[in-house]
Amino acid sequence: MIIDSHTHIGNSCWGNFSPEFLMEIIGEVDFAICSNLDGIDPQIGKDELECNLEMLEICKKFPKLKSLAVCEVERTENADNIRKLLSEHPEFIGLKIHPEISKLPADSEKYDDYLRVAREFKKPCLYHSGHIKSRFSSPELIYKKAKEFPDVPIILGHLSTGPKHSHEAAIDIMLESIEEETATLYVDTSWVDLEDIKLLVERLKNTKRGDFTHRIMWASDAPVGDFNQRPDSYACNLKEFKNIFTDKNLINNLLYKNTLQLYDIQS
């Protein structure tokens with residue numbers, strides 16, 4: 001089994017991506033965790049209920065897709081829309097938060113009600129984590145807020161964007177959160193170079209509290225990015241990821257078991 005833990009459909013500055021297009025790209029993948037870009041890009045402007053209900057209908061037509069509820073934190077007073085959605089539609093398996101596009105620093109108190117909803121419904125939150133120096137989506141800012149909600153699983157999507165030193169800083173944050181038990185951080189590997197993925201795995205495998213590689217999930221961010229829009233390059237990247245580890249149990253955990261467990265997906 002293979003699960004891509006970070007994908008998208010919808011219209012945005014990155015392109016207009018139909019679910020059919022995503023299905024063509026991901027090929028052999030069994031499931032893809034997906035959010036609607038219509039609710040992420042502020043230029044599109046669909047509200048929380050509209051874009052998420054649309055996502056839900058798409059997932060009914062394409063069972064390979066598992067829906068995250070997009071949170072438009074900068075446009076709302078509270079998380080009542082998301083609270084309503086989760087109470088009426090348990091098909092949503094988590095929340096998606098994008099501080100960089102929202103232009104709202106990840107440690108803002110405006111996120112608190114959304115994280116209270118995540119805690120109430122026991123849902124993980126996938127964050128876009130940007131460059132370590134980003135004033136909106138730095139892993140440091142996400143970690144600061146995560147420490148206020150230590151029982152909410154928070155995923156650092158992309159392990160931060162940017163070069164090696166940014167990834168290394170995010171890995172340090174992951175390690176601190178584990179060893180000091182200050183937050184429940186997970187990470188996905190979309191946009192992370194293979195060498196940095198190896199470093200991530202090595203360091204989380206050897207924490208002071210033992211092996212924490214169950215906190216790592218493979219992901220692509222498809223169809224965002226040119227290479228994520230071609231089935232051949234997507235398949236090639238997946239193959240390269242599989243080939244960097246010889247431990248079959250480890251690669252199976254990274255490719256699907258960790259994601260199944262975190263999101264409580266019934267395979």
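It should be emphasised that the depicted structure is a prediction, and the values quoted were computed from it without experimental measurement.
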Task: ring pair (Phe, Tyr, Trp, His ring centres under 6.0 Å) assessment of His131 paired with His158 - done: CA-CA 10 Å; His131 192 284; His158 323 303; over 10 Å; no
- [ ] Check step by step if side chain to side chain donor-acceptor pair (under 3.5 Å) holds for Thr182 and Tyr143.
- [x] CA-CA 9 Å; Thr182 49; Tyr143 180 37; 2.5 Å; yes
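Of the possible polar contacts, none joining the Asp193 side chain to the Asp196 backbone as a donor-acceptor pair under 3.5 Å is found. Between the side chain of Lys66 and the backbone N or O of Phe31 there is no donor-acceptor pair closer than 3.5 Å. A donor-acceptor pair under 3.5 Å is absent between the side-chain atoms of Lys110 and the main chain of Leu104, judged by distance alone. Side chain of Ser35 to backbone of His8: no donor-acceptor contact under 3.5 angstrom is found. The backbone N or O of Val117 sits nowhere less than 3.5 Å from a side-chain atom of Arg83 that would complete a donor-acceptor pair. Remark: side-chain polar atoms of Ser166 are paired, donor with acceptor, to backbone N or O of Thr161 under 3.5 angstrom. Using modelled atom types, one side-chain atom of Asp247 and one backbone atom of Leu250 make a donor-acceptor pair closer than 3.5 Å. Without hydrogens or angle criteria, Ser18 side chain to Phe21 main chain gives a donor-acceptor distance under 3.5 Å. Although no hydrogens or angles enter the test, the distance criterion places no donor-acceptor pair under 3.5 Å between the side chain of Asp221 and the main chain of His6. A donor-acceptor contact shorter than 3.5 Å links the side chain of Ser5 to the backbone of Trp218.
We find that Arg75 and Glu50 are not joined by a salt bridge, their nearest charged nitrogen and carboxylate oxygen being 4.0 Å or further apart. Looking at Lys198 and Glu195, a side-chain N of the basic residue comes within less than 4.0 Å of a carboxylate O on the acidic one, giving a salt bridge.
Between the CG atom of Asn36 and the CD atom of Glu48 there is a distance of 12.5 Å, given to the nearest 0.5 Å. Atom-to-atom distance recorded for Glu109:CD and Lys145:NZ is 7.0 Å, nearest 0.5 angstrom.
Between the side chains of Asn258 and His214, no donor N or O sits under 3.5 Å from an acceptor N or O. Of the N and O atoms on the side chains of Gln266 and Asp264, at least one donor lies less than 3.5 Å from an acceptor on the other residue.
Two different hydrophobic clusters hold Tyr186 and Leu141 under the rule that ILVMFWY side chains link at heavy-atom gaps under 4.5 Å. There is no path of hydrophobic side-chain contacts, each under 4.5 Å, that joins Tyr111 to Phe136. In the hydrophobic clustering of this structure, Leu37 groups with Trp191; members are Ile, Leu, Val, Met, Phe, Trp, Tyr whose side-chain heavy atoms approach within less than 4.5 Å, directly or through other members. Leu68 and Leu262 fall within the same hydrophobic cluster, where Ile, Leu, Val, Met, Phe, Trp and Tyr residues are linked whenever their side-chain heavy atoms come under 4.5 Å apart, directly or through other members.
Between Leu204 and Leu175 the shortest side-chain heavy-atom distance falls below 4.5 Å. No side-chain heavy atom of Lys103 sits under 4.5 Å from any side-chain heavy atom of Glu74. Residues Glu168 and Ile132 fail the side-chain proximity criterion, which asks for heavy atoms closer than 4.5 Å.
Open room surrounds CG on Asp226; 12 or fewer heavy atoms of other groups in view lie less than 6.0 Å from it. Around atom CD of Glu77, no more than 12 heavy atoms belonging to other residues, nucleotides or ligands sit under 6.0 Å away.
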